[in-house]
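See below for the structure under consideration.
The first residue of the sequence shown is numbered 1, and numbering continues consecutively from there.
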Amino acid sequence: MAHPESSAANAASADPITLQVIQARLAGIVQEMQTSLFRTGFSTIIRESQDASCALLTCDGEVAAQHVVLPLHMGAFPACAQGVLRNYSPEEIHEGDAYITNHPYLGGSPHAPDMCVMTPIFFDGEWVGFSATMAHKSDIGGPVPGSCWSQAREVYQEGLQVPPVKYIDRFRTSKDIEEIIGCNSRTPELVVGDIRGQVGAARLGERRFGEMMAKYGREAVLACYDRLFQLTEERVRNEIATWPDTSAEGERFLDSDGIDLDKPVRIRVRIDKKEDRLLFDFTGSADQTRGPANIRPSVVRAACSYCLTALTDPALPTNQGLARVVEVNCPEGSVLNPRFPAPVNTYNPTVHALVEALFEALSQLTPVKKIADGCASRSIIIGGKNEKTGRSYVQYEIFGGGSGARGSSGARSGKDGVSGTNVNQSNARIAPIEIIESEFDTRLRRFELVRDSGGPGRFRGGLGFVREYEFLNPEGRFSLRSTKHVVAPKGVEGGGNGRTGKGVLNPGSEEEREIPSRCSDIQVRQADVFRLETPGGGGLGEPLERDAEAVLRDVKNGYVSAEYALEAYGVAVEEADGAFVLDEARTEAVRRERRKAARS
């Protein structure tokens, strides 16, 4: 089979209008794929939390378009495609095929629960690209429900590892592969159903891509790729070229790797900028960890791409042109480039620390854009056997907390952080209480913002939230995959840190105990209660410079207590006749005295 190619001459000949139309059409296709996947998802992870992404790729595995829910998948899709291309020659790729993989090393999945499905796109009998989906699975085996064992020491302990294999051969599904996957999951119907939904979304992408080629012509579409990639690359490089030629550094720490609980894990980056080029050097980061805090280089590159997009143009098309800008040095054997078979399943806290270190370094190159640390990401997993149905279940939820305050010395004014949200590369949604209580034996007793959790500053960090669960099953197995319970979200430019997170089992009882941010397989019984307090975001700027009226509004809204307003901001708020009022004279006196003390 001939490999489709487009020459530079063809790429240059694409007129600007056709170029923009095809770019918009590609974006529309992946958006429609994404909507289809969410609507056909069997599990709450896909249907409600929307932990999935869709993409169109070239025959070489380059991203032509991606609907970004999880930006880190920008690096995962090409790595998965390369795994398929290593295992199958073009002559072995046929219309109607589908390939799957969840292997972090042989493929490109961030961890085993993320299953990638790729289908080759054919037009008039010729292979012209891939349609791809990646989605988190409720359970793929391993020692604990949800397959995210915080004490895993190698990938073999993280569930079933599927190398890039042909799952469907010319529209004939391999029942053997489905049986193997199903038999290795505590929730086989959900996992196999979600995989089939991924195939359906990929087939939709195939059809829409074919319709586009039928309308605009095969050569016209393929000729646009090089130019679209080039335009994206040029937009980023032109912005980088305006930054000063210098070096910058940033670092963050994880609470732990899940095994060595008293040992923070260091993430360090040095960025060398020269003209329109950036080199991201991660020498100085921790060695690969015993526990599953490691991440693969494809995820590192995706994090770098995400940060560049955020700082240059959030509306930047997601394609291979962005990846061409990112030059990375990840020393082998480090937490960011572990040697096989190092565990990787609780990778998300590491990615958040990496992104925050990158933003710290990049803010030294782009001083007009600043952001404090956010809450990072966390998930809870409850597994067991439903007493009513007799079937196993896995309740998997993804949460954020508060975002960091952000500011600019340019035209865009600074803003407070957002409360009760996901941050950075985690865009999954919080599953509604009604869905959780209707599908699982769990009662939600509390779901509210945590007062005073946002870091103080001229711009306040967003608030974290508390979510409290009562277990209704006679017994279950509980796991927490979180971070920032020890290392607080950092404030910037004089802003205070956000409040750390906290997990407590049976709060207020004789059996109360605090649990670490990464823990697995805690046995819970009926009527046990788990309370999760998520971190608040860091503040930006000197708290004494925050407008006193803004502090008063925060007190009225319940975001800040009157006591904390005085302690953190030097703002005196009194309650009179059931209403909060600002004591301007006392506020001026307190702030004057504190500024005087700070200067001396």
Return the set of residues passing side-chain hydrogen bond (donor to acceptor under 3.5 Å, both in side chains) with Lys273 (not counting sequence neighbours), or none when no residue passes. Asp245
Do any pairs count as a salt bridge (charged side-chain N to carboxylate O under 4.0 Å, His left out) and have a residue in residues 419-428, sequence neighbours left out, and if so which ones? none
Output all residues satisfying ring pair (Phe, Tyr, Trp, His ring centres under 6.0 Å) with Tyr396, sequence neighbours left out; order by chain, then residue number. His136
Got a list of side-chain donor-acceptor pairs under 3.5 Å for residues 61-79, not counting sequence neighbours?
from	atom 1	to	atom 2	distance (Å)
His67	ND1	Gln31	OE1	3.4
His73	ND1	Ser53	OG	2.9

Mind checking what makes salt bridge (charged side-chain N to carboxylate O under 4.0 Å, His left out) contact with Arg513, not counting sequence neighbours? none
Arg594 atom CZ, neighbour heavy-atom count above 12 within 6.0 Å: yes
Run the salt bridge (charged side-chain N to carboxylate O under 4.0 Å, His left out) test against Asp547 and tell me which residues pass, sequence neighbours left out. none
Is a side-chain donor-acceptor pair under 3.5 Å present for Thr58 with Asp60? no
Salt bridge between Arg458 and Glu493, side-chain N to carboxylate O under 4.0 Å? no
Report the relative orientation of the aromatic rings in Phe280 and Phe282; use parallel for angles under 30°, tilted for 30 to 60°, perpendicular for over 60°. parallel
Show every salt bridge (charged side-chain N to carboxylate O under 4.0 Å, His left out) that has at least one partner inside residues 295-313, sequence neighbours left out. Arg235-Asp313
Under the side-chain hydrogen bond (donor to acceptor under 3.5 Å, both in side chains) rule, what pairs show up with a residue in residues 532-543, not counting sequence neighbours? none
Those residues at least two apart in sequence (or on a different chain) that pass side chain to side chain contact (heavy atoms under 4.5 Å, CB included) with Ala568 are Pro456, Tyr564
List for me each residue that meets side chain to side chain contact (heavy atoms under 4.5 Å, CB included) alongside Ala361, sequence neighbours excluded, and say none if there are none. Ala248, Val269, Ile271
State which residues pass side chain to side chain contact (heavy atoms under 4.5 Å, CB included) with Asp416; sequence neighbours excluded, sorted by chain then number. Phe459, Arg460, Arg546
By side chain to side chain contact (heavy atoms under 4.5 Å, CB included), which residues pair with Val487, not counting sequence neighbours? Phe253, Asp255
Within a strict 4.5 Å, meaning less than it, do heavy atoms of the Asn294 and Pro343 side chains meet? yes
